[in-house]
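Below, all heavy atoms of this structure are taken into account, side chains as well, without hydrogens, waters or symmetry copies. Since the model is a prediction, treat every value here as computed from it, not as a measurement.
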Amino acid sequence: MTVNSPVRELITRSNRLGADPTTTNYAGGNTSAKGTAPDPATGADVQLMWVKGSGGDLGTLTEQGLAVLRLDRLRGLADVYPGVEREDEMVAAFDYCLHGRGGAAPSIDTAMHGLVEAPHVDHLHPDAGIAIATAADGEALTKEIFGGRVAWVPWRRPGFQLGLDIAAVAAANPGAIGVILGGHGITAWGATSEECERNSRTIIETAQRYIDAKGVAEPFGPVREGFAALPDGERHARAAALAPVVRGLASTDRRQVGHFTDTPLVLDFLAREKLGALAELGTSCPDHFLRTKVAPMVLDLPPTAPLDEVVARLRTLHAEYRESYAAYYERHATPDSPAMRGADPAIVLVPGVGMFSFGANKQTARVAGEFYVNAINVMRGAEAVSTYAPIPESEKFRIEYWALEEAKLARLPKPKALAGRVALVTGGGSGIGRAIAGRLAAEGACVVVADRDGPAAAAVASELGGNDVAVPVTVDVTSADAIAAAFDAAVLAFGGVDLVVNNAGLSISKPLLETTEADWDVQHDVMARGSFLVSRSAARAMIAQGIGGDIVYIASKNGVFAGPNNVAYGAAKADQAHQVRLLAAELGEHGIRVNGVNPDGVVRGSGIFAGGWGAQRAAVYGVPEEELGAFYAQRTLLKKEVLPEHVAAAVFTLTAGDLAHTTGLHIPVDAGVAAAFLR
């Protein structure tokens, strides 16, 4: 399909604007272009508008993310507009203005673009622009900063009437290049795509220059004594200790994934005198508070306070936050309002340590944090030249619990079985571990790929989709310190850990008289001791979260079946098998389930078999190594070869929810070895 010039220019402009987080937020803002194209039904040229559709992102916008509308029909809606009390109906009316099939659904801001006469329009949420838009004297500042080149439009909820307001202001100010939208953002326009982008950047850069030149030196006030940022090592250790606790609190209504931010900008804000007062005011731009909630939860203790005191205070503050949020809902809800979606915070601020942000998945959690960073920049700019004055709480509620927002949420796909879960898989860089990591990620989990081979772990994490899906950690499971560091990395990456798979292993096949102490020790160190150390760290994190969890041991048929020339490996696997029973009995009161999988004969794709175990076992059974998998298959009841993905399927089955009342179980994945039946 040939992309016409207005569309090509629009996408290029949008991608440039969306690449800068200070210009507009992820999935925020929208851009448009008007032009002509032939109508396939008549052959005649028609006036069209291409505009970023609902839910899209400017930085990654493609032609498929555009809504295409007939301009005459869109502007004709002004004649049937029923007024602000019924303006939600206008979104459905946009469907009758669409040109052709496909493309994205029109967003609530479509009228803003169509009713303005200019051929090209940008609506953006830049930090500097919102700073002026949220200043108590924003209208006067707009006049002082821009003269008549940029006009002021008072706050109005996004919709058709706001489009009419902007169009009227643009028509009344022919020399204007755009407007500041009170409490919201900016809109700019131009005769060409280049001019439109230049005008957008002019508004942003002019506002920022004014703030830099006229603003006070410390807009957030002085640093509070004792609230400065901890040194890097202490800060990260405290963050790792708090992350599971905070995530558990934020998951009271529904499980959340976490993200941690401790940039200098965030740490400076958290240290300042005005933190509490400004945080309580909340954010203003609709895109901000839809992601960050009406206000964050703020710890009011210094970073050097004892850990147990901090944890206790966080629990108290969380209970107060939930009560406050419920009261906010009750103050503004009407009989037609959607039900309260949850009363937990999306942003938790811990002075001296950093910011924890939460969402249904890692990307949502990360973006929530990015939006609050934007909000900090907005508050800094507004306080530098005026007083930060966001839109009223009642208006925030109208948007947060807007019927159109509820409909957008209802259109989201059903979450995958492991959505919101965080998994850590040892030995995840190859073989069975790699298959398990892949299956868990495919089912919606965030995955920490742990392996002593760092490059292998990194390669698997990259294959799974990058940092929003999986992160690698290099860890030797025989080292308690290395395991503790791996779990610290996991909770800082995703907020906590819910699902841990003890898969790391190795095997040496020798008869008793040839088995050395070193052979015995290394196998027990990796599998018996390593599983114990990993499970201990997992239990600490899961108990701190208070939302349960799963620990799965990849044991072996050899933990039950007494095979030849296998004393060290079989004994270590039997140790693992009994750890399952012991820990299931101990951890059940915390909602932590402990189960095992007993594979056998996993030759293809197995790191253990590729590392020499295959040759050793083939020699024991007197078959060529390349035929070992087929040999194992023929001795089973089902006559089928076991592959790594079959073990991964068992892990998924144990953890996906259908077996929620099962703990202390071992599942054989051996195609049927009667001698290894559990009894």
Side-chain angles (χ1 to χ4, degrees), residues 1-11 13-14 29-56 58 61-123 153 156-172 179 181 187-193 196 402-405 407-408 411:
M1 179 177 179
T2 302
V3 179
N4 64 27
S5 179
V7 173
R8 184 167 53 250
E9 292 172 352
L10 172 60
I11 291 171
R13 176 174 103 236
S14 302
N30 28 70
T31 51
S32 67
K34 304 178 182 76
T36 59
D39 185 338
T42 66
D45 281 349
V46 291
Q47 290 288 320
L48 300 177
M49 180 178 75
W50 295 267
V51 60
K52 193 204 84 170
S54 178
L58 288 177
L61 185 67
T62 64
E63 187 178 5
Q64 288 69 40
L66 299 173
V68 188
L69 300 96
R70 284 276 299 263
L71 199 55
D72 58 342
R73 296 182 68 84
L74 175 61
R75 290 176 171 170
L77 293 178
D79 298 330
V80 297
Y81 173 54
V84 292
E85 297 304 318
R86 293 172 52 196
E87 80 165 281
D88 287 1
E89 300 171 20
M90 300 306 289
V91 173
F94 293 153
D95 290 345
Y96 294 93
C97 307
L98 293 173
H99 178 73
R101 303 175 63 182
S107 78
I108 190 66
D109 288 322
T110 298
M112 177 193 303
H113 294 267
L115 299 178
V116 171
E117 287 292 335
H120 299 267
V121 178
D122 292 337
H123 168 57
V153 176
R156 187 183 293 279
R157 186 176 64 159
F160 202 86
Q161 185 60 56
L162 179 59
L164 290 170
D165 293 349
I166 296 171
V169 168
V179 293
L181 304 177
T187 298
W189 48 77
T192 65
S193 184
C196 184
W402 202 352
L404 295 176
E405 183 66 23
K408 183 189 294 185
R411 291 195 299 268

Enquirer: Looking at every heavy atom in both A111 and G159, which two are closest together, and how far apart are they?
Expert: CB-O, 4.4 Å

Enquirer: Is any side-chain heavy atom of W189 closer than 4.5 Å to one of I166?
Expert: yes

Enquirer: Heavy atoms, side chains only, cut-off 4.5 Å: are Y81 and Q161 in contact?
Expert: yes

Enquirer: With heavy-atom distances below 4.5 Å as the criterion, would you say the side chains of L74 and P106 are in contact?
Expert: no

Enquirer: With sequence neighbours excluded, tell me which residues meet side-chain contact (heavy atoms from CB on, under 4.5 Å) with T192.
Expert: E194, E195

Enquirer: Can you check whether W50 reaches I11 side chain to side chain, under 4.5 Å on heavy atoms?
Expert: no

Enquirer: On a heavy-atom basis, which atom in E87 and which in F160 lie closest, and how many Å separate them?
Expert: OE1-N, 2.6 Å

Enquirer: Hey, does the side chain of R73 reach the backbone of L98 with a donor-acceptor pair shorter than 3.5 angstrom?
Expert: no

Enquirer: Tell me the closest heavy-atom pair linking A191 and H120, and the distance in Å.
Expert: O-CD2, 3.6 Å

Enquirer: For residues A104 and G53, report the shortest heavy-atom separation together with the two atoms involved.
Expert: CB-CA, 3.8 Å

Enquirer: What are the two closest heavy atoms between P82 and E89, and how far apart are they?
Expert: CG-OE1, 4.2 Å

Enquirer: How long is the straight-line distance from CG of L71 back to CG of L48, given to the nearest 0.5 Å?
Expert: 8.0 Å

Enquirer: With rounding to the nearest 0.5 Å, note down the distance linking CE in M112 to CG in L162.
Expert: 4.5 Å

Enquirer: For residues 32-44, which side-chain N or O atoms pair as donor and acceptor with protein atoms under 3.5 Å away, sequence neighbours left out?
Expert:
residue, atom, partner, partner atom, Å
S32, OG, H113, ND1, 2.8
K34, NZ, H113, O, 2.9
K34, NZ, V116, O, 3.1
K34, NZ, A118, O, 2.6
D39, OD1, A41, N, 2.9
T42, OG1, A44, N, 3.1

Enquirer: Would you call R157-D88 a salt bridge at under 4.0 Å N-O?
Expert: yes

Enquirer: Taking only residues two or more places apart in sequence or in another chain, which ones pass side chain to side chain donor-acceptor pair (under 3.5 Å) with T110?
Expert: none

Enquirer: Can you tell me how far apart CE (M49) and CG (L69) are? Round to the nearest 0.5 Å.
Expert: 5.0 Å

Enquirer: I would like to know whether D72 and Q47 meet side-chain contact (heavy atoms from CB on, under 4.5 Å); could you show each step before the answer?
Expert: CA-CA 7 Å; D72 58 342; Q47 290 288 320; over 6 Å; no

Enquirer: To the nearest 0.5 Å, how far apart are CG in D122 and SG in C196?
Expert: 3.5 Å

Enquirer: Got a second to check how far L181's CG is from H123's NE2, nearest 0.5 Å?
Expert: 6.0 Å

Enquirer: Atom OG in S107, atom CG in N30: separation rounded to 0.5 Å?
Expert: 4.5 Å

Enquirer: Give the C-alpha distance, both sets of side-chain angles, the deciding distance and a yes or no for side-chain contact (heavy atoms from CB on, under 4.5 Å) between L66 and V51.
Expert: CA-CA 5 Å; L66 299 173; V51 60; 6.0 Å; no

Enquirer: What pair of heavy atoms forms the shortest contact from L77 to A93, and how long is it?
Expert: CD2-CB, 3.9 Å

Enquirer: Test T31 against L58 for side-chain contact (heavy atoms from CB on, under 4.5 Å), laying out the working first.
Expert: CA-CA 8 Å; T31 51; L58 288 177; 3.5 Å; yes

